[in-house]
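Scroll down for the structure; my scribbles are underneath it.
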Amino acid sequence: MYSLLPFQFGRVPARNVLVVNECGDHYFLAEEVFSSFIEHRMDESSDEFLDLKSKLFLYQDDPELSLQKIAARYRTRKSFLREFTSLHMLVVTLRCNQRCDYCQASSADEGASQFDMTSETAFKIVDMVFRSPSRHPKIEFQGGEPLLNWTVIRDTVKYAERKATETGKEASFVVCTNLTAVTLDQLSFLRDHRVSISTSLDGPQCLHDMCRKTRQGGATHAGFESKLELARGVLGNGSVNALMTTTAHTLGRMGEVTDEYLRLGMNGIFIRSLNPYGFAAEDARTLGYASESFVDCYLKSLEYIFELNRNVYFPEYFASLLFSRILTPYPTGFVDLQSPSGCGISGAIYDYDGSVFPSDEARMLARMGDRHFFLGNVLNDSFEDIFAGKKLRALTAGACVETTPCCARCVYQAFCGTDPVRNYLETGDELRSMECSPFCAKHKGVFNGLFRILKENDPFKLDVIWSWITKNRFLVERHENC
Amino acid sequence: MPFYRRSGRIRLADTLGFDCLGYAGYLTEGMKGGLLHPDGIYAASGTEGVEEGDIVMLTSDGTVTVLWGANSSQNSLFVTKACNCDCLMCPQPPAIHDPQDLVRAEKVLDCLRSRSVKQICITGGEPTVLGARFLKVLERCSREHPEAAVNVLTNGKLFSDPEFAGKTASASNGKALFCVSLHSDIDTVHDRLVGARGSYAAAQAGIYNLAKLGCAVEIRHVISKGNFNRLKRFSEQMYSYFPFCAHYAFMGMEICGQAFKNFDEINVSPLEYRDCLEEAVMSMYRAGLPVSVYNVPLCLCSEKTRPFARQSISSWKNIFMSQCEECSKKDKCAGFFGTSAFLPGDLVRPFREDACDDSSACWG
């Protein structure tokens, strides 16, 4: 006699049933074994039965301990909620020295200083950042090109350092820059104040220059590469990370992109799909692609990166994050994919004029004339108004996969997340049925691929995966050159 | 030794003279000296087992028991023979509580007062069955020896009572390591091995209670015929539900006491569980958990498991086989329990310096 505990299931790969419970534990069953399991006629002495019992898919006798263990796991899995709100993005200027194809709507001309954040506004934001319960606030300077408003960055970092000392919190800083305009003085300051650099690299010269252009339409890769070297010389190798954006141009050429990341000495790569906002419709046609194409390209790239790892430790960060959710009991904060959605409660973005939005997409939407997600302004509104107000509460309450149509029964529910801003953008509603949505197609496709890899049970790949999760390069035996 | 401090001491001497007056007892290779030397052991054949600073017990039948070795790092306070389990593999069969055990342990603590002690292990039986008396011993250890690493060997069951766990946490003052035995990821298997239904549930609830109170927990898993085929699943369960533990130990069996009595039911050759153990150890290592293997000789571990195998057997019961003399890894090896009634001597393969490790200890 046994009873079932709550779980989701799906057929991955075909003829195999993947079951995932509330703890995020998973198990593969052959179709006929799955049937016997749910029909309560499973052989109770079989290994599979004991495995399902061990992993809390069923219980015998008293459910008390099982429920206690599930509760402990669930609590841990959702414990990222305690770090409310940890990521604070400051758009210190809308001005940019570049005009990249996928980012036209959000940047202003280099001379348009009316789009600069003032120090007064920046300090008000810092005050608000330190009102958040988070013990480890992260302040990220964005733009436009944030370095164009350097004095405000410099003063804000110093001010925030003082606030951190006063409040006993541990603040960290990131500046998101294309690097092309960075000076030696600025780099020295960033080094002295332990500000790390997040930059953009789309691939080798030809691919990078295809979308990432100066305002006059010129190439940027060469300038980027020399400044990257300069920055590394000052800050050390580990302090400069890069993000890439996959466009239709790069989709079939991810191998070249990865090789360029390796050539430039990057620690790993985050293969990121294009954000479908902020650029004109004609660009959408040339740059965009279907989620299915991205998934296909992503999974192929992942195989390529697994092979690379025979010789060098080189993680793909998106897979690393998702595998970490699947294989470890620990929470993984990732603003873009969590439940409840990270909008506002994990990350918030402050526009140059002090307006607060739950995500960058929400801010872009406001730039396009729809202020639906506007939470308030640091110059007029209190922390309570903005972060504990009705608007953010309602937004968060409605943005849970557990209550979203389709997601509620999805086998990947425990690992996935939702984005109410994107839902609103696509349908006019924060909550929608995710069936056939591009967001779902992308994530479901990626999860299908990752679980196929787990089902393969290839010891080499598992070693690589765990080396990424635990950042322990020594888990993989390799003949490393570097 | 000033005269006023002699009454609590035992004198170790070659022969007895006037400088030996006033001690609680004597241990000598010489003969009884006269009326002034009432209690003691005389004409002992060799006293090299005893060192300055040891705490020893003399009994009238002539037995000398070292209760605390001054230079040993494997000292323990044996507080009771009583236990609320009846493990098939217990080397120390449970018995009714003898109050003398606790008295003796407390006397050892009296003697240790104001001495610097590196390590104290509280063991039994099951120490927690003494309730408040256990708490008193634990409290004394942590208060009188703040510098010592205090280990409590326990089946963890009684900590399922949050109140008792709370009292234990305050008695330990956040210092003790609770070494909890857990022998399977499946309740029925664990309960059968420990001979008491409900033990699995109670032990796991106990671990959660201790952890909630900030107590450090070590998991000890004794490998036997009854559980070795699920070693990897056990590792996975530990990582999934108890990843916060300070240490995870897989332990080879000591074949004495109950383990000898139940030999056929529980004995398993280290070679038979070698692959399962490797999977279990590697699964923990991969996930970043601190894992060790105790009591398994290096030549009976797989190559991947060897780096995790520790020299773990108390020196007084640690022995080696005759083949081991030729082995180049002997000084790093756990060896065998001298107390075991059965040793897998025919399986032992010495490592040779000149040969490749794999070939000299290869079991194909």
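Hydrogens, waters and symmetry mates are skipped; everything else that's a heavy atom, side chains included, is used. By convention in this document, chain letters (A, B, ...) are assigned in the order of the sequence lines, proteins followed by strands, and residues within each chain are numbered from 1.
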Task: chain B interface, residue from A:Ile469, A:Leu56, A:Asp463, A:Leu50 that has the most non-hydrogen pairs under 4.5 Å - done: A:Leu50

TODO: Measure the shortest side-chain to side-chain distance between A:Trp468 and A:Ile305 over non-hydrogen atoms and say whether it is less than 4.5 angstrom.
DONE: yes

Task: For chain B, the option from A:Asp62, A:Asn472, A:Leu462 that forms the most heavy-atom pairs under 4.5 Å - done: A:Leu462

- [ ] For each of B:Ser184, B:Ala202, B:Pro243, B:Gly198, tally heavy-atom pairs with chain A at distances under 4.5 Å, and name the one with the top tally.
- [x] B:Pro243

Open item on the list: Under a 3.5 Å distance rule, please check whether B:Glu218 uses its side chain to pair with a backbone N or O of B:Ala249 as donor and acceptor.
Closed with: no

Task: Top contributor to chain A interface from B:Arg230, B:Gln237, B:Gln204 [non-hydrogen pairs under 4.5 Å] - done: B:Arg230

TODO: Could you look at A:Thr76 and say if it's the side chain, the backbone, both or neither that has a heavy atom under 4.5 Å from chain B?
DONE: neither

TODO: Would you mind checking if A:Lys78 and A:Glu22 are paired as a salt bridge, meaning a charged N to carboxylate O distance below 4.0 Å?
DONE: no

Open item on the list: Ignoring hydrogens, what is the shortest heavy-atom contact between B:His247 and B:Pro290? Give both atom names and the distance.
Closed with: CD2-O, 3.3 Å

Open item on the list: Heavy-atom cut-off 4.5 Å, strictly under: side chain, backbone, both or neither for A:Thr470 against chain B?
Closed with: side chain

Open item on the list: For B:Tyr208, which atoms come within 4.5 Å of any heavy atom of chain A: side chain, backbone, both, or neither?
Closed with: side chain

Task: A:Glu170, CD: over 12 other non-hydrogen atoms inside 6.0 angstrom - done: no

Open item on the list: Salt bridge check, A:Arg452 against A:Glu456: does any charged N sit closer than 4.0 Å to a carboxylate O?
Closed with: no

